[in-house]
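Reading through the structure tokens given below for one structure.
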Amino acid sequence: MKSGFAAAIIEWQAQHGRHDLPWQREPVDPYCVWLSEMMLQQTQVVIVIPYFERFIACFPTIQKLATAQPDQVMALWSGLGYYRRAQYLHAAAKLIIDDYGGTMPDHVDGLMRLPGIGRSTAGAIVSLAWNRPAPMLDSNAKRVLCRHQAVSEDSGKILWQTAQDHVPCHDARAYTQGLMDLGSMICGARAPLCPNCPVGATCKAWNSNSIGDYPKRKSLRARKLVEVFWGVAVNSAHSCIWLQKRPLHGIWAGLWSFPDFSNEKESKRWLYEIGSPHRPVVQSYPAKDHKLTHRHLRIYPAVAKVNSGTGVGAFADEGWIHVADLANLALPAPVRVLCDELLGSVNTGCCG
DNA sequence: AACTCGGGGAT
DNA sequence: ATCCCAGAGTT
């Protein structure tokens, strides 16, 4: 259908929307659109751009990604969070090469069979990559549609139907991009700029002066405080630091971090072991608070400078890591920060 | 329906 | 401090 709503969004997007994002470069590459959608889940454009540029420079095609080492893929995701997304992306790339003849599915159902791609991401990819009609319902679209239709229910059924109903037959790319641009630039969560909105004339929330009621507030739950004790062994003479790979389930699955213990005594005991036969001086570092969506980590690093240990090139799942290799390792954000404080600049690298 | 899974920007 | 963000998968 061709509604006035869609037409207004499309026209507004052409005039005021974003046209210079890295994944919009012509000719539009479906793989780039897919990568961007994966990276953008639950985060923001300004955060993603440098990660996207590094990733696409290293893995410019699905083929390159499919044959990449998992550790290298994870390293390029290091700091971005929600690391399962990187594993899904990598697994999906392999599926496309091995089972799909190297061709990305170009329809919603096919895309949704790939790991990490849900209904919204599939719809975004179909419309943005191939300019074909498909509904998309990210948080921008949700907010715009909730307000425009004055929908207070949080159940997805109504909103998905609404999203489906508004998708235009033509210019699906501009429409989807326009919904996202509008949600981020005009119909924002905080202070919507309704007088500038291209669909304000038909917005039920705006016209009933009840913009603040939509979308419905999510009830937030208190973060649980979790105390973690890190054993941080540093060999300054060799510029290396001891890290181990985390378990494959739970927080920071498969990323490299410091050995963690449930109390300070255990972390210090471990430091004396790794430092033997010398007896390292263990100093307690200031606690670091790291807040996640539903946890509040209070990290107590115990730091010891030890003489044993040198950088090792071939490691299994733990060992001395040279400062130069940290750039190409998947480290959780607070781990990279602490490495940086102890050894100097440890930025995320590109390729090896 | 309720959880899990990160991190940082904006106010 | 609090809220939010181009969500998906599991239980």
Side-chain angles (χ1 to χ4, degrees), chain A residues 17-18 21-24 32-52 74 77-89 91-92 111-129 134-144 153-157 159-160 163 173 176-185 187-192 212 215-224 226 246-255 257 288-297 330-337 348:
Chain A
R18 295 172 288 194
L21 298 171
W23 43 91
Q24 292 177 316
C32 287
V33 173
W34 171 32
L35 174 62
S36 74
E37 288 301 324
M38 292 299 292
M39 285 190 161
L40 285 159
Q41 286 172 11
Q42 291 301 101
T43 186
Q44 298 169 356
V45 169
V46 287
I47 306 288
V48 162
I49 287 177
Y51 286 90
F52 176 88
M74 297 308 291
W77 213 272
S78 177
L80 192 52
Y82 285 148
Y83 298 97
R84 268 189 313 179
R85 293 179 295 169
Q87 296 167 359
Y88 290 146
L89 177 73
L111 286 166
M112 285 182 69
R113 283 187 213 114
L114 295 173
I117 302 182
R119 193 171 175 185
S120 182
T121 299
I125 293 172
V126 167
S127 54
L128 295 176
M136 175 271 319
L137 198 59
D138 70 341
S139 55
N140 288 311
K142 269 184 193 165
R143 196 168 48 253
V144 171
E153 286 93 336
D154 204 8
S155 108
K157 192 171 168 70
L159 279 177
W160 269 110
R173 174 181 294 150
T176 290
Q177 188 63 51
L179 269 183
M180 300 196 279
D181 292 345
L182 189 66
S184 113
M185 299 165 66
C187 195
R190 250 167 246 291
K216 199 178 67 175
R217 295 277 207 199
K218 295 171 193 169
S219 62
L220 65 96
R221 288 172 301 110
R223 264 190 286 258
K224 183 182 175 186
V226 178
R246 291 183 55 82
L248 296 179
H249 296 288
I251 189 77
W252 300 328
L255 274 69
S257 182
K288 295 171 163 295
D289 282 339
H290 188 75
K291 293 191 175 73
L292 294 79
T293 301
H294 42 287
R295 266 181 252 180
H296 178 164
L297 299 183
L331 307 179
V335 174
R336 193 172 295 281
V337 168
T348 302

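Quantities reported herein were computed from a predicted structural model and do not represent experimental measurements. Order of the sequence lines sets the chain letters (A, B, ...), proteins ahead of strands, with each chain counted from 1.
At whole-Å resolution of the value, CG in A:L331 and P in B:dG7 are 11 Å apart. At whole-Å resolution of the value, OH in A:Y51 and C1' in B:dG7 are 8 Å apart. One can place CG of A:L80 at 13 Å from C1' of B:dC5, the figure rounded to the nearest angstrom. Atom-to-atom, NZ of A:K224 to P of B:dG6 comes out at 17 Å; the value is rounded to the nearest Å. Distance A:M185 CE to B:dG9 C1': 17 Å, rounded to the nearest Å. Between the P atom of B:dG8 and the NE2 atom of A:H290 lies a distance of 7 Å, rounded to the nearest Å.
Between the A:R119 side chain and the A:M112 main chain, no donor and acceptor come within less than 3.5 Å of each other. Of the possible polar contacts, none joining the A:T121 side chain to the A:G118 backbone as a donor-acceptor pair under 3.5 Å is found. Panel note: side chain A:R223, backbone A:H296; no donor-acceptor pair is recorded below 3.5 Å. For A:R246 (side chain) and A:S257 (main-chain N/O), no donor-acceptor pair under 3.5 Å exists by modelled atom type. Side chain of A:S120 to main chain of A:L137: a donor-acceptor pair is present (N/O by atom type, distance under 3.5 Å, no hydrogens or angles). With A:R85 contributing its side chain and A:M39 its backbone, the two residues share a donor-acceptor pair below 3.5 Å. With hydrogens and angles ignored, the 3.5 Å screen pairs no side-chain donor or acceptor of A:T176 with any backbone N or O of A:A124.
Rounded to whole Å, the separation between the P atoms of B:dG6 and C:dT11 comes to 16 Å. Going from the P atom of C:dA6 to that of B:dT11 covers 14 Å, rounded to whole Å.
Neither OP1 nor OP2 of B:dG6 sits under 4.0 Å from any side-chain N or O of A:W77. Taking only side-chain nitrogens and oxygens, A:H294 never comes nearer than 4.0 Å to OP1 or OP2 of B:dC3.
Comparing B:dG7, B:dG9, B:dT4 by their nearest atom to the side chain of A:I47 picks out B:dG9.
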Generate the contact string for nucleotides 6-11 of chain C. Rules: B means base contact, S means sugar-phosphate contact only, - means no protein heavy atom under 4.0 Å. BBBS--
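Listed by chain and residue number, A:D181 satisfy the side-chain hydrogen bond (donor to acceptor under 3.5 Å, both in side chains) test with A:R18 (two or more places apart in sequence, or in another chain).
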Pairs: protein N or O with nucleotides 1-3 of chain C N or O, under 3.5 Å:
residue, atom, partner, partner atom, Å
C:dC3, O2, A:R190, NH2, 2.9

Audit row: A:S127, A:R173, side chain to side chain contact (heavy atoms under 4.5 Å, CB included) steps and yes/no: CA-CA 5 Å; A:S127 54; A:R173 174 181 294 150; 5.7 Å; no
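At a threshold of 4.0 angstrom between heavy atoms, the contacts of A:G250 are confined to the sugar-phosphate backbone, with no base atom among them.
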